[in-house]
Peer 1: 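Sharing a structure, written as structure tokens. Questions coming.
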Amino acid sequence: DGGQFRCWQSTLTQLQKELDENEMEGVVLLPVLPNTSFEEYLAASRLEPRILPFTAADFSLPEDKMIAKLKRDIGSGARGLKLHPVLQNVRLTDPRMYHAAEIFGEMNLPVVVHVGIGTYYSADKDFPWNPQYGAMEDFFTFVHELGDQPVIGAHCGAFAKEFIKGVKGMKNVYTDTSFSSAPLVREAVEILGEDQVLYGTDYPFTHEKYNIQVIDDALSDQPIVKEKVFYENIAKLLHL
């Protein structure tokens, strides 16, 4: 309930305040239908140019209409695709997940996938969801099926030793630093490589300033690597 309250508080004004306070030049926003939409983030990006909007696959549509919608979103400015198998209640190995992701592979745009089995709703909430859909094993199956298109496994920087078991040698697979401590960030860079780790926050569940401090602490003696994690790696993926 506290996490959901934090989401409700996360207005455009509040996000702009955090961007200003932390001297951030850009932020990627990742919608998860039916909670947030590409249209919402696209509108916000027109008011705040530091926002880079991704889109989400609408699995309530017939597949042909879902694909057509994603193509229109790319034309409108979507910088990538967010897939959340738990909240969207669609297993990552479902063919629709692959078909949605492949559209972005054709455009050399990244796909961000939630990875992790976790609780999102309290017991009194009657929402359809399956925590097991966040299993890392499904992510491994997913990226090997997709081939060499860019895919980001969200939150896996905190589990680099487990993550590398399924993606070793795959230079097209990335992760982020959300929910990582400074030692875990250093470990992720060492295990996965400095080109495969991206600064991440999972905002609004966490505050930008603490996530920034984690990277500063972890990589204070490696300024070139720190610049890659903060900016250069994502800039390459988004063609900035």
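Below, each value reflects all heavy atoms present in this structure, side chains not excepted, and no hydrogens, waters or symmetry copies.
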Peer 1: Does anything in residues 8-18 form a salt bridge (Lys or Arg N to Asp or Glu O under 4.0 Å)? List the pairs, not counting sequence neighbours.
Peer 2: R6-E18, K17-E21

Peer 1: Taking only residues at least two apart or on different chains, which pairs with a member in residues 189-199 satisfy salt bridge (Lys or Arg N to Asp or Glu O under 4.0 Å)?
Peer 2: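 Listed once each, the pairs are E194-K228, D195-K228.
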
Peer 1: Give a yes or no on whether L47 atom CG has more than 12 heavy-atom contacts from other residues, nucleotides or ligands under 6.0 Å away.
Peer 2: yes

Peer 1: Would T201 and S178 count as a side-chain contact (heavy atoms from CB on, under 4.5 Å) here? Give the steps.
Peer 2: CA-CA 5 Å; T201 68; S178 56; 5.7 Å; no

Peer 1: Tell me every residue that passes ring pair (Phe, Tyr, Trp, His ring centres under 6.0 Å) with H144, counting only those two or more places apart in sequence or in another chain.
Peer 2: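 H144 satisfies ring pair (Phe, Tyr, Trp, His ring centres under 6.0 Å) with no other residue.
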
Peer 1: Please step through side-chain contact (heavy atoms from CB on, under 4.5 Å) for the pair F139 and V167, ending with a clear verdict.
Peer 2: CA-CA 10 Å; F139 179 80; V167 301; 4.3 Å; yes

Peer 1: Transitively linked via ILVMFWY side-chain contacts under 4.5 Å: I51 with I212?
Peer 2: yes

Peer 1: Can you name the closest pair of heavy atoms from L81 and A57 and give their distance?
Peer 2: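 For L81 and A57, the tightest heavy-atom pair comes out as CD1-N, 3.7 Å.
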
Peer 1: CG of L29 to CZ of F54: how many Å apart, nearest 0.5 Å?
Peer 2: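 The CG atom of L29 sits 10.0 Å away from the CZ atom of F54.
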
Peer 1: When you look at V86 and N130, which way does the side-chain contact (heavy atoms from CB on, under 4.5 Å) test go after all the steps?
Peer 2: CA-CA 6 Å; V86 178; N130 286 278; over 6 Å; no

Peer 1: Can you name the residues that form a side chain to side chain donor-acceptor pair (under 3.5 Å) with D202, not counting sequence neighbours?
Peer 2: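 Expected list: none.
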
Peer 1: Find out whether H114 and L83 are in side-chain contact, i.e. whether some heavy atom of one side chain is under 4.5 Å from a heavy atom of the other.
Peer 2: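 No, their side chains stay 4.5 Å or more apart.
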
Peer 1: Begin with the C-alpha distance, continue with both residues' side-chain angles, and end with the deciding distance and a verdict on side-chain contact (heavy atoms from CB on, under 4.5 Å) for F38 and S76.
Peer 2: CA-CA 10 Å; F38 167 65; S76 297; 4.0 Å; yes

Peer 1: Under the ring pair (Phe, Tyr, Trp, His ring centres under 6.0 Å) test, which residues partner F142, sequence neighbours left out?
Peer 2: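 Testing F142 for ring pair (Phe, Tyr, Trp, His ring centres under 6.0 Å), a comparison that skips the adjacent residues, returns Y98.
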
Peer 1: Test your reading of the model: is there a side-chain donor-acceptor pair from D58 to the backbone of S60, 3.5 Å cut-off?
Peer 2: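 Yes, the answer is positive, given that a donor and an acceptor are paired below the 3.5 Å cut-off.
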
Peer 1: Please name the pair of heavy atoms, one in L12 and one in A44, separated by the smallest distance, quoted to 0.1 Å.
Peer 2: CD1-CB, 4.3 Å

Peer 1: Which atom pairs, donor and acceptor, lie under 3.5 Å between side-chain atoms of residues 100-111 and protein residues at least two apart or in another chain?
Peer 2:
none

Peer 1: Using only heavy-atom distances, determine whether the side chains of Q213 and D217 contain a donor-acceptor pair under 3.5 Å.
Peer 2: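 Yes, a side-chain donor-acceptor pair sits under 3.5 Å.
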
Peer 1: Is it the case that atom CD in Q9 sees more than 12 heavy atoms from other parts of the structure closer than 6.0 Å?
Peer 2: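 Yes, the 6.0 Å shell around CD holds more than 12 heavy atoms from other groups.
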
Peer 1: Mind checking side chain to side chain donor-acceptor pair (under 3.5 Å) for N22 and listing every partner two or more places apart, or none if nothing turns up?
Peer 2: none

Peer 1: Looking at side-chain heavy atoms only, is the closest gap between P31 and E40 below 4.5 Å?
Peer 2: no

Peer 1: Kindly compute the distance separating OG (S180) from CD1 (I215), expressed to the nearest 0.5 Å.
Peer 2: 7.5 Å

Peer 1: Check this for me: F230, atom CZ, are more than 12 non-hydrogen atoms of other residues, nucleotides or ligands nearer than 6.0 Å?
Peer 2: yes

Peer 1: Taking salt bridge (Lys or Arg N to Asp or Glu O under 4.0 Å) as the cut-off, I'd like each qualifying pair that reaches into residues 66-94, sequence neighbours left out, listed once.
Peer 2: E39-K69, K69-D73, R91-D138, D94-R96

Peer 1: With sequence neighbours left out, what residues match Y199 under side chain to side chain donor-acceptor pair (under 3.5 Å)?
Peer 2: E208

Peer 1: Same cluster or not: Y210 versus L19, using hydrophobic residues (I, L, V, M, F, W, Y) connected whenever any side-chain heavy atoms lie under 4.5 Å apart?
Peer 2: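 Unlinked, Y210 and L19 end up in two clusters.
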
Peer 1: Taking side chain as C-beta onward, heavy atoms only, is L238 less than 4.5 Å from V28?
Peer 2: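 Counting from C-beta outward, L238 and V28 do come under 4.5 Å.
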
Peer 1: Do the side chains of I152 and V113 get nearer than 4.5 Å, heavy atoms only?
Peer 2: no

Peer 1: A side-chain contact here means heavy atoms from C-beta on lying under 4.5 Å apart; do L30 and T36 qualify?
Peer 2: no

Peer 1: About how many Å separate CG of N172 and CG of L146, when rounded to the nearest 0.5 Å?
Peer 2: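 Here the interatomic distance stands at 9.0 Å.
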
Peer 1: Going by atom types alone, do N211 and T206 pair a side-chain donor with an acceptor below 3.5 Å?
Peer 2: yes

Peer 1: Applying salt bridge (Lys or Arg N to Asp or Glu O under 4.0 Å), which residue pairs with at least one partner in residues 153-181 are found, sequence neighbours left out?
Peer 2: K161-E187

Peer 1: Which pair of non-hydrogen atoms, one from V32 and one from Q88, has the smallest distance, and what is that distance?
Peer 2: CG1-CG, 4.1 Å

Peer 1: Quick one: which residue pairs count as a side chain to side chain donor-acceptor pair (under 3.5 Å) with a foot in residues 230-240, not counting sequence neighbours?
Peer 2: none

Peer 1: Indicate if V225 and L184 have the same hydrophobic cluster label, given that clusters are the connected sets of ILVMFWY residues with side-chain heavy-atom separations under 4.5 angstrom.
Peer 2: no

Peer 1: Can you name the nearest heavy-atom pair linking A188 to A160, along with the distance?
Peer 2: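 Taking every non-hydrogen atom into account, CA-CB, 3.7 Å.
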
Peer 1: Mind checking whether Y174 and V197 have side chains closer than 4.5 Å, heavy atoms only?
Peer 2: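 Not in contact.
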
Peer 1: Nearest 0.5 Å please: distance from the CZ atom of F205 over to the OG atom of S10.
Peer 2: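 Separation between the atoms: 9.5 Å.
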
Peer 1: Quick check: is V185 connected to M24 through a chain of hydrophobic side chains (ILVMFWY, heavy atoms under 4.5 Å apart)?
Peer 2: yes

Peer 1: Can you list the residues that meet the side chain to side chain donor-acceptor pair (under 3.5 Å) rule with T119, with sequence neighbours excluded?
Peer 2: none

Peer 1: Tell me if the centroids of the rings in F163 and H155 come within less than 6.0 Å of each other.
Peer 2: no

Peer 1: Considering all heavy atoms of both residues, which atom of A56 and which atom of L33 are nearest to each other, and what is their separation?
Peer 2: O-CD1, 3.9 Å

Peer 1: Measure the CD1-CD distance between I164 and Q196 for me, rounded to the nearest 0.5 Å.
Peer 2: 8.5 Å

Peer 1: Count I, L, V, M, F, W, Y as connected when their side-chain heavy atoms are under 4.5 Å apart, and connections chain through other members. Are V27 and V229 then in the same cluster?
Peer 2: yes

Peer 1: For G153 and T175, work out which heavy atoms get closest and say how close.
Peer 2: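 Result for this residue pair: O-OG1, 2.6 Å.
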
